[in-house]
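No experiment lies behind these values; they were computed from the predicted model shown. Lettering follows sequence order; numbering is per chain, from 1.
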Number of protein chains: 2
Amino acid sequence: MTGKTRVTMRDVAAASGVSQATVSFVLNDAPGQTIPAATRERVRRAADELGYRPHSIARALREGASRIVVLEAGGLPRGHHLSSFIAGLDEELGAAGFGLLVSYGEGVSARAAITAIEPRAVIDLPAVCAGPDHDVADGGWIDGMVAHRLVQLRHLVARGHRAVAVAVPAGDDPFLALMAGQVRDAAEELGLPEPLPLVVDGDPEKPVGALKAGVTAVAALTDDLALGVLAVLADTGLSAPGDLAVIGFDDTPHGALWRPALTTVRLDARAYGRRTARTLLGLPVGDARPAPARVIERASA
Amino acid sequence: MTGKTRVTMRDVAAASGVSQATVSFVLNDAPGQTIPAATRERVRRAADELGYRPHSIARALREGASRIVVLEAGGLPRGHHLSSFIAGLDEELGAAGFGLLVSYGEGVSARAAITAIEPRAVIDLPAVCAGPDHDVADGGWIDGMVAHRLVQLRHLVARGHRAVAVAVPAGDDPFLALMAGQVRDAAEELGLPEPLPLVVDGDPEKPVGALKAGVTAVAALTDDLALGVLAVLADTGLSAPGDLAVIGFDDTPHGALWRPALTTVRLDARAYGRRTARTLLGLPVGDARPAPARVIERASA
DNA sequence: TTGTAAGCGTTATCAG
DNA sequence: CTGATAACGCTTACAA
């Protein structure tokens, strides 16, 4: 009868005829310790056979923090980039024996949960972006953003557009506001006139107003915003790219589904995720070098 | 100089001139204990002033599980329903002092994190749905599903449709397969012929095939699938609802954006979330009674 | 009515 | 090279 009680280090120690401490040393590969290979093997096997799993809560209590890192993804636009970034984090953290928890800012209880976890670190992308200080272990995610916007705008410029608007959301979201700033910076770098903000709120007047102002193309902060532009365009009988070229940013599945299919920009967010994890863990960046952003050319621009 | 060390119960005890145990009793409202109001007040104030925060890890170690419940949302379609369900959970769990963690099955590290947390409970909706046993603390979410599909189909029937297809995804997803079964059950209950599956994979032949087979309306498992149908319809020069009526399920923002705007079904998922939380906590359901599902009528059906 | 003390499972420090 | 032993912060019998 396999008792209902948890298998602890004591059990492993008893089973392998050593002390609890020795078990701890063996199982954690204690640095700079000399334990006979024979003993190590014996301990390892005992642990295996008994099905020993370290009790992470006890460990966390002892270590002062759990082996979990939290990603605060509350204000971030969901989509391909975020998922890939998470996948990258997952990969590296998992390999290092760390757990990753993604919090989408669901509410009070999520916040409560995070404090209850005593995470080793929390990656707060929105906060990072809100502040002026970019000296954070963000793996170059932020600083590269302007570069990424450059490829978005260059695609438009290469097609002869100069008067571009930037599609922004109706409310004010700190993260998206930051993104808008990056588009402006990129436009300046390309010597374009300052892009007009085109707020996407379902009002068909907005795009026709932009059109009247001479705008010929729209760079959207996200794919979803691009889709919003496409929708109101369709409402007014206009279409992309004929009347207005529209390019997104994120390469969401929805964009590919739309008609006209959305031209967009895709980042190697997975590599950014890996890089972020590695710098967080104090590891060398290694092979986690992100590929440059690239345009996914479809129909809308 | 506020030391960097954590404020512990000992500190509070020292500051209020009682013992650690008394502090614990007071702060946890120990049931069936008689501590003079004066003392309680003193302890509470001391805790406040020192900024005492209970150390959840230590508590978890002692209690055998953390005060966190995990929602496994891995295989679930994202959208309005899921968000609302989560919001409902959040509300009730937060009020009870529990934390909620939502796992979107991000990967190995997420799994590692969950085991590292020793949650009080984990709500595994996909697993619940995969098994034949619905006697789970799901707050009636599952059992009501057929009823919800009835309102989806009834909307079609009320508009004269009898030959309906059900839009399903290309791969096989256990949760979506379950949903498909519910649609079939609902169709049977309405005395409709068994709905043909219409797999949404971007192939325009699929809908025209359905059309040829006499299908006049499509009930989609999710809004996103409905959108997929709308997209290929547009590709072939057909449109909804003229050629084929399409109704979604979930009321995602994307659906409202589409042209033609998607008619869909919306559940009171928040109430289901609240109910799930309450039954999980062993509380009476109280006022967490879900409103019936209702059709959001837009253009596509 | 309040205080003492024994753990929860782990890791780390010292003597042997 | 190994084995006691002491924390980590909290809960809860049980003793005073």
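- You'll find the ring centres of Phe249(B) and His81(B) inside the 6.0 Å limit.
- The aromatic ring centroids of Phe85(A) and His80(A) lie 6.0 Å or more from each other.
- Between the CD1 atom of Ile35(B) and the C1' atom of dG3(C) there is a distance of 11 Å, given to the nearest Å.
- Between Leu89(A) and Thr276(A) the shortest side-chain heavy-atom distance falls below 4.5 Å.
- With 3.5 Å as the limit, one finds a donor-acceptor pair spanning the side chains of Ser109(A) and Asp90(B).
- A salt bridge is absent between Asp250(B) and Arg266(B); no separation between the charged side-chain nitrogens and carboxylate oxygens falls under 4.0 Å.
- Thr39(B) has no side-chain polar atom (N or O) that falls below the 4.0 Å cut-off from OP1 or OP2 of dT1(C).
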Just the table, please: protein N/O against nucleotides 8-12 of chain D N/O, every pair under 3.5 Å.
from    : atom 1 : to       : atom 2 : distance (Å)
dC10(D) : OP1    : Tyr52(B) : OH     : 2.6
dC10(D) : OP1    : His55(B) : N      : 3.1
dC10(D) : OP2    : Thr8(B)  : OG1    : 3.0
dC10(D) : OP2    : Met9(B)  : N      : 2.9
dT11(D) : OP1    : Asn28(B) : ND2    : 3.4
dT11(D) : OP1    : Arg59(B) : NE     : 3.0
dT11(D) : OP2    : Ser24(B) : OG     : 3.3
dT11(D) : OP2    : Asn28(B) : ND2    : 3.3
dT11(D) : O2     : Arg62(B) : NH1    : 2.1
dT11(D) : O4     : Gln20(B) : OE1    : 3.2

